[in-house]
Amino acid sequence: MSRTLEHFNYLHQIPELGFEEFKTAAYIADALVSSGFQVTRNVNGTTGIVAELNSGEPGPVLALRADMDALGHMIDGRLEARHTCGHDGHSSVVLTAAQEVTVEGLVKKGRLKILFQPAEELGTGAIALTDGGVLEDVDMLLGFHLRPIEECPMGKAVPAMYYSASATVEVDFNGKAAHAARPHLGINALDAAALAVQAVNGLHLSPSLTWSAKATRFLCDAGVTNSIPATARVCWDLRSAENEGMAELKTRVLRAIEGSAAALGATADIRILKEMPAAIIDDEATEVIREAIVEVLGEEGLTDPKSTPGSEDFFHYLRLRPQVKGGFWGLGANLTPGLHHPDMHFDREALALGVQVFKACVRRVLG
Ligand SMILES: [Zn+2]
Ligand SMILES: [Zn+2]
């Protein structure tokens with residue numbers, strides 16, 4: 001069995017949620033130490049790892065990034081961690097590439113840094129590592145994600161993935177309880193929440209922007225049906241292909257929510273639970289990836305860059321450190337029935353191709 005599959009089989013068996021990747025991080029950090037990397041564990045107090053290989057020669061600093069966390073699914077009424085976004089695959093690929101790079105002596109100038117980040121799904125792992133200083137000396141940062149089969153099949157790869165910005169907005173509407181026979185003495189939080197849902201649905205941003213805004217959770221229950229409910233909670237999921245579009249969308253959505261609550265005398269406590277920026281991708285980094293894909297998979301294995309309504313916390317690195325040239329590619333693996341599906345599976349033979357592409361990138365930048 002290949003080393004990549006050995007890593008994958010182990011990591012797949014120990015799925016851990018964001019910021020709780022204790023066994024996962026221990027396994028990866030130990031393997032990197034054995035391969036001769038200078039390893040820092042618990043970056044910024046998290047499970048994050050940064051490993052470094054120094055050629056001893058002047059040159060650029062290239063960083064490769066993998067995410068480590070699994071998702072929490074409700075299976076038969078119980079919360080269960082599962083690797084349904086393929087981050088076990090990402091970690092296996094980047095770990096194997098790092099190990100083979102040392103064995104084959106591919107870092108001839110500059111330095112190679114390897115980032116294993118926690119909590120991609122929570123949207124805060126990349127921010128924690130950036131705050132921990134991992135990018136201060138980095139010139140180029142490369143990451144990747146397995147793609148669903150509809151987007152990119154096995155044997156092909158996408159040189160640049162243009163992810164969308166996303167935001168999760170949670171709002172508590174606060175009204176005033178009263179007997180349902182005397183509604184004029186209360187303020188119905190359900191009415192305020194429902195009005196806000198309609199107000200957001202009635203927003204119209206420029207048709208030239210790619211965006212969506214929809215309510216995804218509505219909770220309201222006073223416990224009895226003959227009482228005016230004093231509280232209601234609604235969540236919205238916002239998406240935009242452009243960071244400018246997201247800024248405008250957020251402003252308009254929050255105004256619609258506050259206005260709806262105020263119209264009925266209620267108040268709205270607004271929290272942004274999770275936020276990811278749209279892709280910020282550098283042409284030079286994309287060119288490195290494009291050449292690496294062609295070397296490994298041939299011209300027929302190279303697709304055009306793709307846009308996706310999905311989002312990726314990788315782009316927080318580039319939002320927070322705009323001097324870093326970022327590249328993010330997609331690997332075909334016949335992944336089905338979809339990312340985040342509890343039964344997600346893919347062709348594991350694709351992982352070896354991912355290792356080859358990353359090694360080709362390292363040779364191009366540090367060879
Ligand atoms: Zn995911
Ligand atoms: Zn993912």
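When a residue number appears, it is its place in the shown sequence, counting from 1. Note that ligands are numbered from 1 as they come in the structure, with each ligand's atoms numbered from 1 the same way.
- The atom of Glu121 nearest to the Zn ion (ligand 1) is OE2, with the search restricted to N, O or S atoms.
- Ion pairing between Arg78 and Glu80 fails under the 4.0 Å rule for side-chain N and carboxylate O.
- Other residues, nucleotides and ligands place no more than 12 heavy atoms under 6.0 Å from the NZ atom of Lys23.
- Side chains of Gln99 and His7: a donor on one and an acceptor on the other come within 3.5 Å.
- For the pair Arg41 and Asp30, the salt-bridge criterion is met [side-chain N within less than 4.0 Å of a carboxylate O].
- In terms of distance to the Zn ion (ligand 2), the nearest N, O or S atom of His87 is named NE2.
- The SG atom of Cys85 and the NE2 atom of His145 meet at the Zn ion (ligand 2) at an angle of about 90°, given to 10°.
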